[in-house]
Number of protein chains: 2
Amino acid sequence: MLDTTDKKLLTLLQTDAKKTNKELSNILGLSVTAVYERIRKLERNGVIDRYVALVNRDKVRKGFSVFCHIKLAQHSRDYIRVFEAKVTKLKEVLECYHVSGDYDYILKIVVDDMDTYREFMINKLTTIEHIGSTHSVFTIGEVKNTTIVEV
Amino acid sequence: MLDTTDKKLLTLLQTDAKKTNKELSNILGLSVTAVYERIRKLERNGVIDRYVALVNRDKVRKGFSVFCHIKLAQHSRDYIRVFEAKVTKLKEVLECYHVSGDYDYILKIVVDDMDTYREFMINKLTTIEHIGSTHSVFTIGEVKNTTIVEV
DNA sequence: GCTGAAAATACGGCGAC
DNA sequence: GTCGCCGTATTTTCAGC
């Protein structure tokens with residue numbers, strides 16, 4: 001379904017979505033039209049989901065990242081549904097995964113600093129029903145952070 | 001440094017970077033040029049780091065996400081430097097954070113499936129020197145995944 | 001911050017390979 | 001599926017105020 005050119009194109013667009021079709025055509029050795037058609041197809045097929053701006057978190061005082069492990073009190077379908085719906089609404093929670101192991105969910109939380117994290121925990125996260133326990137892991141350094149999946 | 005308009009603009013661009021300045025100007029109640037100038041400034045100041053295409057991982061068979069906790073064998077400066085340099089090079093590792101707690105690093109790894117994860121662990125990750133131990137947490141569902149930080 | 005105009009690019013159709 | 005060329009429409013970009 002995706003040939004080598006498509007894969008290269010995807011990596012390029014995941015690296016820099018502002019590249020013009022002309023620049024891409026030079027890199028890939030294709031015509032502008034061919035690049036245009038391929039991108040259209042990748043967008044139509046849903047392979048490219050969307051285009052976004054990435055913000056430098058340190059520049060907007062959002063440099064405090066925390067991973068929070070959560071156990072639910074019970075694992076009924078309703079408890080899961082309610083928890084997932086409410087946690088999704090929290091803007092501080094950038095990512096939430098249902099996982100297997102010692103706990104049920106991993107949340108990636110981004111806030112200003114430790115004080116705002118404390119506020120977030122008390123006034124937002126732990127007000128969600130059915131949470132059994134939480135465990136916070138604080139990041140002290142970002143070694144790598146990319147959105148590029150190489151296919 | 002950032003006024004309310006800038007913040008709205010950042011949220012809009014983090015949601016959809018393909019919006020034209022004209023569309024943005026309508027939403028924000030500004031002229032096209034004012035929007036242009038504000039975006040230029042956000043880019044120059046480094047608040048906007050870059051623009052990227054986001055790929056639907058399920059469409060490219062990269063739906064298998066794993067969090068891997070890593071302890072180093074020792075915590076000398078050289079060990080840390082070597083580990084971080086090598087782990088950054090691995091394309092399967094999308095994110096790597098230095099953390100405080102029971103382990104030293106959290107890695108977010110995205111691969112095809114369990115088989116490729118096994119291959120990755122054997123042939124790539126665990127060939128890095130100075131790793132003391134690893135612990136993998138497998139995701140069984142993605143509840144939320146956004147890149148938007150609301151400032 | 002605005003208006004207006006120039007330059008660059010995207011877009012869609014065409015026939016041909 | 002790709003290419004090159006054609007337009008036109010849209011968008012970006014940057015004067016000058």
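Convention: sequence-line order gives letters A, B, ...; per-chain numbering from 1.
At whole-Å resolution of the value, CD1 in A:Ile39 and C1' in D:dG1 are 16 Å apart. The distance between atom CD of B:Glu37 and atom C1' of D:dA15, rounded to the nearest whole Å, is 11 Å. Computed from coordinates, the A:Tyr36 OH to D:dC6 C1' distance equals 15 Å when rounded to whole Å. Atom-to-atom, CG of A:Asp6 to P of D:dG1 comes out at 10 Å; the value is rounded to the nearest Å. One interatomic measurement links the two molecules: CZ of B:Arg40 to P of D:dT12, which rounds to 12 Å at whole-angstrom precision. The distance from atom CZ of A:Arg44 to atom P of C:dC11 is 13 Å, rounded to the nearest whole Å. Rounded to an integer number of Å, the gap from A:Met1 CE to D:dG1 P is 12 Å.
Both A:Phe138 and A:Val111 are part of a single hydrophobic cluster, where members link through side-chain heavy atoms under 4.5 Å apart.
Close placement of the A:Tyr105 and A:His98 rings is indicated, their centers lying within 6.0 Å of each other.
When the side-chain nitrogen and oxygen atoms of B:Arg38 are compared with OP1 and OP2 of C:dG1, one or more of them lie within a distance under 4.0 Å.
Comparing the end axes of the helix from C:dG1-D:dC17 to C:dC17-D:dG1, each fitted to five base pairs by superposing C1' atoms of four pairs onto the next four, gives an inter-axis angle of 30° (nearest 10 degrees).
Using a 4.0 Å cut-off between charged side-chain N and carboxylate O, B:Lys86 and B:Glu129 make a salt bridge. We find that A:Lys144 and B:Glu95 are not joined by a salt bridge, their nearest charged nitrogen and carboxylate oxygen being 4.0 Å or further apart.
Residues from residues 10-34 of chain A with heavy atoms under 4.0 angstrom of DNA chain C, sorted by number: A:Thr20, A:Asn21.
Scanning all heavy atoms of the two residues, the minimum distance from B:Leu30 to B:Arg38 falls at CD1-NE, 3.7 Å. Shortest non-hydrogen contact noted between A:Gln14 and A:Thr147 is OE1-O, 3.3 Å.
Between A:Tyr51 and A:Lys18, the side chains place no donor N or O within less than 3.5 Å of an acceptor N or O (distance only, hydrogens not considered).
Remark: of the listed residues A:Val35, A:Leu28, A:Ile148, A:Leu28 is the sole one forming a side-chain contact (heavy atoms from CB on, under 4.5 Å) with A:Leu12.
Classification of the B:Tyr79-B:His130 ring pair by plane angle, with boundaries at 30° and 60°, yields parallel.
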